[in-house]
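Since we're looking at a predicted model, the values are computed, not measured. Just the heavy atoms: all of them, side chains too, but no hydrogens, waters or symmetry mates, feed the values below.
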Amino acid sequence: QLQLVESGGGLVQPGGSLRLSCAASGSTLESYAIAWFRQAPGKEREGVACISRRHVMVKFADAVRDRFTISRDDAGNTVSLIMDSLKPEDTAVYYCAARWTPDLSLYCAPGEMGNWGKGTLVTVSS
């Protein structure tokens with residue numbers, strides 16, 4: 001049973017940077033495609049970034065492209081979301097999610113994910 005725990009959220013000023021981490025336990029992330037999602041107050045959950053097994057492919061939402069980076073460390077069983085040039089509109093609860101898969105495809109939609117963390121809050125404000 002794969003369990004995911006996000007960490008690294010907090011308060012940051014506009015223009016600042018923050019690194020979120022998703023730690024896995026119970027299984028190895030090597031067998032999973034991973035995605036990050038976020039949900040702002042009063043809004044629908046949206047995809048942020050996704051990454052295939054073995055980092056063959058990555059994809060970013062238009063709102064975060066060129067500012068965020070996703071990476072995975074299968075040996076350490078963690079996935080990171082590195083956020084730069086943060087904006088107030090980035091304020092949200094950020095979730096990591098995983099989908100077990102034998103292939104190297106991207107899975108980026110919430111309905112495609114099988115395991116979810118509980119989320120970590122990122123607040124971008126001066």
Side chains of [X] and [Y]: closer than 4.5 Å at any heavy-atom pair?
X     : Y     : answer
Arg38 : Val64 : yes
Cys22 : Ile34 : no
Asp74 : Thr28 : no
Phe68 : Leu20 : no

Under 4.5 Å between side-chain heavy atoms, counting indirect links through other Ile/Leu/Val/Met/Phe/Trp/Tyr residues: same cluster for [X] and [Y] or not?
X      : Y      : value
Leu4   : Phe37  : no
Leu18  : Phe60  : yes
Leu106 : Val79  : no
Val124 : Val48  : yes
Leu11  : Leu121 : no

Charged N-O contact under 4.0 Å between Asp90 and Arg67 |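 Arg67 and Asp90: salt-bridged.
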Check ion pair Glu30-Arg72 (N to O, under 4.0 angstrom) =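 Not counted as a salt bridge, because no side-chain N and carboxylate O are separated by less than 4.0 Å.
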Can the positive tip of Arg45 be found less than 6.0 Å from the middle of the six-membered ring of Trp116, inside 45° of the ring normal?
->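 Output yes; distance and angle both within limits.
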Within 45° cone of Tyr107 ring axis and under 6.0 Å: Arg99 NZ or CZ =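 Ring-cation test returns yes.
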Give the intermediate values and the outcome of side chain to side chain contact (heavy atoms under 4.5 Å, CB included) for residues Val93 and Thr120.
-> CA-CA 5 Å; Val93 176; Thr120 185; over 6 Å; no
Give the intermediate values and the outcome of side chain to side chain contact (heavy atoms under 4.5 Å, CB included) for residues Gln39 and Tyr94.
-> CA-CA 7 Å; Gln39 187 165 21; Tyr94 284 72; over 6 Å; no
Please check if the side chain of [X] supplies one atom and the backbone of [Y] the other of a donor-acceptor pair under 3.5 Å.
X      : Y     : value
Thr101 : Tyr32 : no
Gln1   : Gly26 : no
Arg19  : Met83 : no
Asn77  : Ser27 : yes

Taking atom CG of Asp66 as the centre, report whether more than 12 heavy atoms of other residues, nucleotides or ligands fall under 6.0 Å from it.
->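 At most 12 heavy atoms, drawn from other residues, nucleotides or ligands, come within 6.0 Å of this atom.
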Apply side chain to side chain contact (heavy atoms under 4.5 Å, CB included) to Ser71 and Ile82, showing your working.
-> CA-CA 8 Å; Ser71 66; Ile82 302 92; 3.8 Å; yes
Would Leu29 and Asp73 count as a side chain to side chain contact (heavy atoms under 4.5 Å, CB included) if you check the C-alpha gap in whole Å, the side-chain angles of each, and the deciding distance to 0.1 Å?
-> CA-CA 9 Å; Leu29 281 183; Asp73 176 9; over 6 Å; no
How many angstroms lie between atom CG of Leu104 and atom CE of Met57, to the nearest 0.5 angstrom?
->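 Going from the CG atom of Leu104 to the CE atom of Met57 covers 7.0 Å.
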Heavy atoms only: give me the nearest Pro14-Ser125 pair and the separation to one decimal.
->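 Heavy atoms of Pro14 and Ser125 come nearest at CD-C, 3.6 Å.
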Salt bridge (charged side-chain N to carboxylate O under 4.0 Å, His left out) contacts in which one or both residues fall within residues 114-126, not counting sequence neighbours =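 Of all non-adjacent pairs touching residues 114-126, none passes salt bridge (charged side-chain N to carboxylate O under 4.0 Å, His left out).
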